[in-house]
Peer 1: 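Mind having a look at this structure? Questions to follow.
Numbered from 1 within each chain, the chains take letters A, B, ... in sequence-line order. What's counted below: heavy atoms across the whole structure, side chains too, no hydrogens, waters or symmetry copies. All of these numbers come straight from a predicted model, not from anything done at the bench.
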Amino acid sequence: MRDSVGAVARKQLPLRPAGPDTVAALLDWYDRERRDLPWRMRRGRRADPYKVWLSEIMLQQTTVKAVIPFYEKFLLRWPTVEALAAADLDDVLAAWAGLGYYSRARNLHKCAQVVVAEHGGRFPRTEAELGTLPGIGPYTAAAVAAIAFGEAATPVDGNIERVVSRLFAVRRPLPAAKREIKRLAESLTPQRRAGDFAQAMMDLGATVCSPKRPSCLVCPLQQDCHAHALGIEAQLPVKLARAERPVRFGTAFLALREDGHVLVRKRREAGLLGGMLEIPSTDWGDDWLQADLALVQQPVRADWWAVPGVVSHTFTHFRLELQLFRAIVPVDTSMTFWASPERCRWVPRHELSNAALPSVMKKAIAHALREH
DNA sequence: GACACGTGGAG
DNA sequence: TCTCCAAGTGT
């Protein structure tokens with residue numbers, strides 16, 4: 001009842017374009033409702049650029065909840081950009097294991113080294129310079145410039161895209177609308193408190209202006225929102241449908257040595273799960289390999305047992321179905337030609353939890369080691 | 001512009 | 001079960 005009344009009323013309200021009053025309302029809301037996050041300083045304090053940068057890299061396409069434990073772990077282990085630059089890349093990858101998008105970890109490490117080697121350990125202070133560093137794109141350059149250095153830069157992430165597209169009732173579908181949304185966001189960016197403005201927009205998108213059922217009743221920008229006035233807020237932003245996800249199939253081998261070591265292999269540096277560890281497996285193809293053909297690629301000569309069941313894992317652009325083979329082998333076992341011996345190594349079973357194993361591999365290993 | 005690139009939680 | 005999506009970047 002209240003909804004229908006509200007819908008009628010708000011359609012008759014003449015709306016002005018969002019402007020300085022909108023920004024003021026947003027910043028007031030932010031001062032009241034601001035979330036306490038590990039990388040945020042108290043109100044009015046400028047945050048440590050290293051912490052802002054580290055958190056922003058981790059937050060790329062990743063939820064706050066998932067990031068927090070990783071952020072705490074990294075900061076404890078590498079408290080400064082110098083410490084991170086001096087770290088072994090494999091240690092950084094191992095610490096990143098489970099967070100996904102592993103090229104971020106490589107670029108994080110590379111970026112730290114560039115900051116130390118070419119900038120004396122100080123992050124550049126401008127959006128333009130930040131944008132030249134590895135792993136820092138348009139969003140992150142603007143975010144760090146605004147949040148850490150107070151530059152009036154305008155980061156546009158998924159949250160801000162959503163808030164802006166609703167605020168201005170942008171109906172053009174993404175990604176074609178990106179430029180328009182960026183321009184509109186820039187038109188709101190205040191000279192003072194640009195960092196707070198960006199974080200307020202993102203907080204609003206994360207908590208109030210949510211994708212499915214936005215909480216317009218408690219939104220500080222309700223009076224300024226054209227999508228809400230039109231009753232189309234839940235339909236925005238418009239996104240083009242994604243392509244269907246194909247399925248790929250593979251067979252992986254869990255070799256358990258009699259002294260409790262497991263055979264792992266380092267993946268090549270580029271591409272999917274680049275530089276991370278895996279248990280040796282066949283290529284991932286469009287269909288299952290017959291067991292006898294798969295066994296041709298066994299990493300060590302052994303009496304392989306087909307583990308019942310299949311491990312299924314969904315990546316961004318395909319789903320993987322993994323069949324597992326398991327074998328117990330003597331300590332003097334050597335690699336076969338198929339295993340890329342130079343990339344293989346035996347790891348004590350109890351050290352696997354700290355190794356650079358991506359989630360899909362932890363899942364596969366757990367499945368293969370389970371009692372059946 | 002299009003596509004590769006992870007993972008886990010929400011609905 | 002299944003789709004969507006979360007503080008994007010690199011090619």
Peer 1: Taking any heavy-atom pair under 4.0 Å as a contact, classify L240(A): base, sugar-phosphate, or nothing.
Peer 2: nothing

Peer 1: For a 4.5 angstrom cut-off between non-hydrogen side-chain atoms, does L184(A) reach V170(A)?
Peer 2: yes

Peer 1: Mark up nucleotides 5-11 of chain B, 5' to 3', with B wherever a protein heavy atom is under 4.0 angstrom from a base atom, S wherever such an atom reaches only the sugar-phosphate, and - elsewhere.
Peer 2: BBBS---

Peer 1: Would you mind classifying the nucleic acid contact of R162(A) as base, sugar-phosphate or nothing, using non-hydrogen atoms under 4.0 angstrom?
Peer 2: sugar-phosphate

Peer 1: Whole angstroms only, please: what is the CH2-C1' distance between W53(A) and dG8(C)?
Peer 2: 16 Å

Peer 1: Less than 3.5 Å apart, which donor and acceptor atoms pair up between the side chains of residues 94-109 of chain A and the rest of the protein, not counting sequence neighbours?
Peer 2:
residue : atom : partner : partner atom : Å
W96(A)  : NE1  : G100(A) : O            : 2.9
Y102(A) : OH   : G98(A)  : N            : 3.1
R104(A) : NE   : Y101(A) : O            : 3.4
R104(A) : NH1  : I57(A)  : O            : 3.1
R104(A) : NH1  : M58(A)  : O            : 2.8
R104(A) : NH1  : Q60(A)  : O            : 2.9
R104(A) : NH1  : T62(A)  : OG1          : 3.1
R104(A) : NH2  : T62(A)  : OG1          : 3.4
R104(A) : NH2  : L99(A)  : O            : 3.2
R104(A) : NH2  : G100(A) : O            : 3.0
R106(A) : NE   : E269(A) : O            : 3.4
R106(A) : NH2  : E269(A) : OE1          : 2.8
N107(A) : ND2  : S103(A) : O            : 3.4
H109(A) : NE2  : A87(A)  : O            : 2.8

Peer 1: Scan A176(A) against the nucleic acid and name what it touches under 4.0 Å (heavy atoms): base, sugar-phosphate only, or nothing.
Peer 2: sugar-phosphate

Peer 1: Using a 4.0 Å heavy-atom cut-off, does R179(A) contact any base of the nucleic acid, only the sugar-phosphate backbone, or nothing at all?
Peer 2: nothing

Peer 1: Within 45 degrees of the ring normal and closer than 6.0 Å to the centroid, is that where the cationic atom of R245(A) sits relative to F318(A)?
Peer 2: no

Peer 1: Tell me, please, whether W305(A) has R370(A) positioned over its six-membered ring: NZ or CZ under 6.0 Å from the ring centre and within 45 degrees of its axis?
Peer 2: no

Peer 1: Is the terminal nitrogen or CZ of R257(A) (NZ for Lys, CZ for Arg) located under 6.0 angstrom from the six-membered ring centre of W346(A) and within 45° of that ring's axis?
Peer 2: yes

Peer 1: May I ask you to say what R35(A) touches in the nucleic acid, namely base, sugar-phosphate or nothing, with a heavy-atom cut-off under 4.0 Å?
Peer 2: base

Peer 1: So P138(A), base contact, sugar-phosphate only, or nothing? Heavy-atom distance under 4.0 Å.
Peer 2: sugar-phosphate

Peer 1: For R319(A), is there an ion pair with E321(A) - N to carboxylate O distance below 4.0 angstrom?
Peer 2: yes

